[in-house]
Amino acid sequence: MSDSTHSAPAVSDVTVWYLEQTSPADLSPAALPADGVTVARSEIPLPEFSRFLYTAVGADVRWTDRLDHTHAQWRAFLERPGVETWVAYENGTPAGFIELDPQEDGAVEITYFGLIPAFRGRRIGGHLLSYGVARAWDLAERHPERTPTKRVWLHTCSDDGPHAMDNYLRRGFRLFDTKIEQELQVAHPGPWPGAHA
């Protein structure tokens, strides 16, 4: 006879911080990184590439909300008018990304931002964030159907890297809300199972 009792999934409290800029003048750009670092827009919606970036960057900081998305769901998001993915490269190798999602009221959300662990701590993150925020502010220049940007916002949480909040504040973001949420503790496979054991 099998045991039919199941333990409840583990949950933990997570602090979520919401930050914003309300003028392009709020942006305080970071110093440029070493030679060999470039940032380019991924102009062709490619779910495979976006999912790679998502899992490679988010593996150790518990990004799990998109892991169950189908190829069609990834494509539908990437093909939304004005959605942009900007990728940092070091000597031709992807190092991280920033994803911009414009909304109807002239706000642009930075839905995801981060570096692959091997590239952290090398002054790439501040540069990528600076570049991506500037692209959020001028997004309507590339997408004339969108309302000109009036606000750039994002949220980060206590699961994020230890330098994330400081990077956002240094770039000129201001805190406008804080919440405590409960998060299910689930295994994250990373780019492949066991990659970040």
Handout entry: Closest approach of T147 to G106 (non-hydrogen atoms, all atoms of both residues)
Key = CG2-CA, 3.9 Å

Practice task
Spell out, yes or no, whether F49 and L115 are grouped together once hydrophobic residues are joined by side-chain heavy atoms under 4.5 Å, including indirect joins.
Solution key: yes

Handout entry: Salt-bridge contact E104-R146 (side-chain N to carboxylate O under 4.0 Å)
Key = yes

Problem - Sidechain N-carboxylate O distance under 4.0 Å for D101, R80 - result: yes

Handout entry: Side chains of R122 and P33 in contact at under 4.5 Å (non-hydrogen atoms)
Key = no

Practice task
Determine whether L78 and F113 fall in the same hydrophobic cluster, where Ile, Leu, Val, Met, Phe, Trp and Tyr are linked whenever their side-chain heavy atoms lie under 4.5 Å apart.
Solution key: no

Problem - For the student: nearest non-hydrogen atoms of L139 and G82, plus distance - result: CD1-O, 3.4 Å

Handout entry: Side chains of D60 and R120 in contact at under 4.5 Å (non-hydrogen atoms)
Key = yes

Completion exercise
Residues D138 and R142: closest non-hydrogen pair is OD1-NH1, 2.5 Å

Practice task
Keeping the roles fixed (side chain from Q73, backbone from T70), state whether a donor-acceptor pair exists under 3.5 Å.
Solution key: yes

Practice task
Answer yes if F97 and F77 sit in the same cluster of Ile, Leu, Val, Met, Phe, Trp and Tyr residues linked by side chain heavy atoms under 4.5 Å apart, and no otherwise.
Solution key: no

Practice task
Following the transitive rule for hydrophobic clusters with a side-chain heavy-atom cut-off under 4.5 Å over Ile, Leu, Val, Met, Phe, Trp and Tyr, establish whether V83 and W63 coincide in one cluster.
Solution key: no

Practice task
Before accepting this row, confirm whether a basic side-chain N of the pair R171/D166 lies closer than 4.0 Å to the acidic partner's carboxylate O.
Solution key: no

Practice task
Could you tell me the separation between the OG1 atom of T149 and the CD atom of E141, rounded to the nearest 0.5 Å?
Solution key: 9.0 Å

Completion exercise
Correct closest heavy-atom pair for V57 and G96 would be CG2-CA, 4.3 Å

Completion exercise
d(L19 CG, L169 CG) to nearest 0.5 Å is 6.0 Å

Exercise for the section: Test side chain to side chain contact (heavy atoms under 4.5 Å, CB included) on R51 and L67 and set out the steps. Expected result: CA-CA 8 Å; R51 193 178 193 282; L67 289 179; 3.8 Å; yes

Exercise for the section: Would you mind listing every ring-ring contact (aromatic ring centres under 6.0 Å, His included) that reaches into residues 128-159, with sequence neighbours excluded? Expected result: Y18-H155, W86-Y131

Handout entry: Parallel, tilted or perpendicular: rings of W74 and Y54 (30°, 60°)
Key = perpendicular

Handout entry: Side-chain heavy-atom pair K150, T22 within 4.5 angstrom cut-off
Key = no

Handout entry: Value rounded to 0.5 Å, distance of OG1 in T85 from CZ in R135
Key = 14.5 Å

Practice task
Determine yes or no for a side-chain-to-main-chain donor-acceptor pair under 3.5 angstrom, with S28 supplying the side chain and G172 the backbone.
Solution key: no

Handout entry: S50 OG to H69 NE2 distance, which is reported to the nearest 0.5 Å
Key = 12.5 Å

Practice task
Check C157 against W17 and note the closest heavy-atom contact, atom names and distance.
Solution key: C-CZ3, 3.5 Å

Problem - Side-chain heavy-atom pair I110, V152 within 4.5 angstrom cut-off - result: yes

Problem - Student check: side-chain heavy atoms of L100 and R41 closer than 4.5 Å - result: no

Problem - Neighbour count above 12 (heavy atom, 6.0 Å) for R151 CZ - result: yes

Exercise for the section: Taking atom CG of D35 as the centre, report whether more than 12 heavy atoms of other residues, nucleotides or ligands fall under 6.0 Å from it. Expected result: no

Exercise for the section: Applying side chain to side chain contact (heavy atoms under 4.5 Å, CB included), run through I98 and L129 and close with a yes or a no. Expected result: CA-CA 7 Å; I98 187 166; L129 181 59; 3.9 Å; yes

Handout entry: Cationic N near anionic O, under 4.0 Å, R66 to E99
Key = yes

Exercise for the section: Determine whether more than 12 heavy atoms belonging to other residues, nucleotides or ligands lie under 6.0 Å from atom CD1 of I44. Expected result: no

Exercise for the section: Would you mind checking if R174 and D26 are paired as a salt bridge, meaning a charged N to carboxylate O distance below 4.0 Å? Expected result: yes

Handout entry: Pairing residues for D160 by the side-chain contact (heavy atoms from CB on, under 4.5 Å) criterion, not counting sequence neighbours
Key = V61, T156, A164, Y168

Handout entry: Cluster check L46, Y112: I/L/V/M/F/W/Y, side chain < 4.5 angstrom
Key = yes

Practice task
For side chain to side chain contact (heavy atoms under 4.5 Å, CB included), just list the numbers for T93 and I116, CA-CA rounded to whole Å, side-chain angles, deciding distance to a tenth of an Å, and then say yes or no.
Solution key: CA-CA 11 Å; T93 302; I116 295 171; over 6 Å; no

Practice task
Taking all heavy atoms of Q21 and all of V133, pick out the closest pair and write down the distance.
Solution key: OE1-CG1, 3.4 Å

